[in-house]
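All remarks here apply to the structure that follows.
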Amino acid sequence: MIYEIIEYMTKIYKSGNYSCLKVIIMDVFENVKKQVDEITELMGLSKEEANVLLSPKRIVQTSFPVRLDSGKVRRFNGYRVQFNDARGPTKGGIRFHPNVDLSEIKSLGFWMAIKCAVVNIPYGGAKGGVEVNPKELSSTELEKLSRGYIRSMHEILGPEIDIPAPDVYTNSQIMAWMLDEYEKIKGVHAPAMITAKPISLGGSKARDIATGLGGVFVMDQAVKKFVSDKKKKEITIAVQGFGNVGSFFSLYANKEGYNIVAVSDSHGGLYEPNGIDPIKVIACKEAGKDVESCHSDKNQRSNSIKKISNAELLELDVDILVPAALENQITKANSEKIKAKIIIELANGPITPEADAILHKKGIEVIPDILANAGGVATSYFEWVQNKQGYYWEEEEVISKLKKIMDSSFFEVLKSKEEYKTDMRKGAQALAIKKILEAEKLRGNV
Ligand code: NAD
């Protein structure tokens, strides 16, 4: 057997088609299986129940043509995995990225089903993607790609079936093209078939701030529960990543009275123990600068402000650390050096499983991504509700509904953590799995 594998890998190596090697080397869905094994053991579930959780409902893989500006036609691989729909139509983003493959899309679809169940919105989970480097495409080509994806997938999408949204390298403009293509094919207006659209096409107010603001609501409850002896202005926070999520999180945490002492982007960060004003960093970023170079901005300058690297930011002696950039930032290599008391995972998967175990042993409370960053999908749900009823809410209404969802989800996760005598991550996973299995049982599938 081993010789066959070596022979196969040699063939692939000679052919130059390395994407096949990626499938052999890292099937990310194997990690999902391991995590489900652990949690099913904790919950005392049967093999049959675990099997239902791990079986994707529908996998669609297509290869569709796009005529490039050069006049040549290129085919792209597209995927959509509707992982579980026991609790409602499936929901999840579409990513455009060169590393997209079926195993990754399947895993992300599974985690969407879990996330929607954690915050108790009536959706299952899905994910989609196209294997493409969008930076190599012109705007016209990107539009054709987005429309091509919908032409190849429209039969399995729809407001009552499966509702996409943006993900890595897709945005509200791409959602607008996708909506338009879907409506042209079906001959109807169907704004509820996709979310995070521009407001003028039926998008929701507050969708842009929802993930960051939802993170602040969850942090507020975590602080009350785990750091009760300090006033908000004494609580120090370091935020890694100053994009959509990190910047709105910093802005609203600061408005709530917390002390943001460090922020960063991919180039580096700033540290000011007396507090950074996120509004000034946002203005500086909008002027085209990196966070680090906002150091010399005359509005920011203070005696104690200094530049720090992303590695230093993660290891600062702060109360709360907020990874809001990329996955795998806290690993076995740096987890022993983390000093924060609470970590709010706003990015997806910023802590590796090995690091998670180390942080747990150190007594650091981790508020997991499937709870902390679910404000985005919760507000996508509000957008879908508004589209279906054709009646649109003011920003205050959206925000007050978001707060209700985030607060009640925090307490449900806490209860589950206490019931299973475990951490917040496994508490959240167990809560979601219970809800999914309950729906599967009622349908007679287990
Ligand atoms: P974004 O592209 O707007 O911002 C990402 C930020 O991270 C940028 O400031 C970038 O400079 C910074 N960054 C990149 N590499 C970095 C590095 N090595 N160190 C430090 N900073 C780095 O993305 P976003 O929408 O803010 O998403 C951030 C994370 O939140 C992602 O993991 C995403 O999956 C997750 N998330 C986003 C939403 C949403 O509604 N946007 C919802 C749920 C989860």
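What you see is a predicted model, and the numbers here were worked out from it, not measured in a lab. Numbering of ligands and ligand atoms starts at 1, following listing order. If you read the sequence from its start, that first residue is 1, and numbering goes on from there.
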>> Quiz question: by atom type and distance under 3.5 Å, do the side chains of T195 and K91 form a donor-acceptor pair?
In response: yes
Give the contacting part of [X] toward ligand 1: side chain, backbone, both or neither, where contact means a heavy-atom distance below 4.0 Å.
{"X": "A324", "result": "backbone"}
{"X": "E345", "result": "neither"}
{"X": "Q240", "result": "side chain"}

>> Could you tell me if K388 sits above the aromatic ring of W384, with its cationic atom closer than 6.0 Å to the ring centre and no more than 45 degrees from the axis?
In response: yes
> Could any protein non-hydrogen atom be found less than 4.0 Å from atom 25 (O) of ligand 1?
Replying inline: yes
>> Strictly inside 4.0 angstrom of atom 19 (N) of ligand 1, do you find any protein heavy atom?
In response: yes
> Any salt bridge between K401 and E397, counting N to O under 4.0 Å?
Replying inline: yes
> Considering N310, L346, N328, D265, which one's heavy-atom position lies nearest to atom 36 (N) of ligand 1?
Replying inline: L346
>> Please compare A374, G349, S266 and report which has the shortest non-hydrogen distance to atom 22 (C) of ligand 1.
In response: S266
> Which atoms from ligand 1 have a heavy atom of T211 less than 4.0 Å away?
Replying inline: 38 (C), 39 (C), 40 (O), 42 (C), 43 (C)
> Taking the side chain from R87 and the backbone from P122, do they hold a donor-acceptor pair closer than 3.5 Å?
Replying inline: no
>> Which label fits W393 and F382: parallel for a plane angle under 30°, tilted from 30 to 60°, or perpendicular past 60°?
In response: tilted
> Less than 3.5 Å between some nitrogen or oxygen of L326 and one of ligand 1, yes or no?
Replying inline: no
> Going through the checks in order, is the side chain to side chain donor-acceptor pair (under 3.5 Å) test met by S304 and E272?
Replying inline: CA-CA 6 Å; S304 41; E272 160 57 281; 2.9 Å; yes
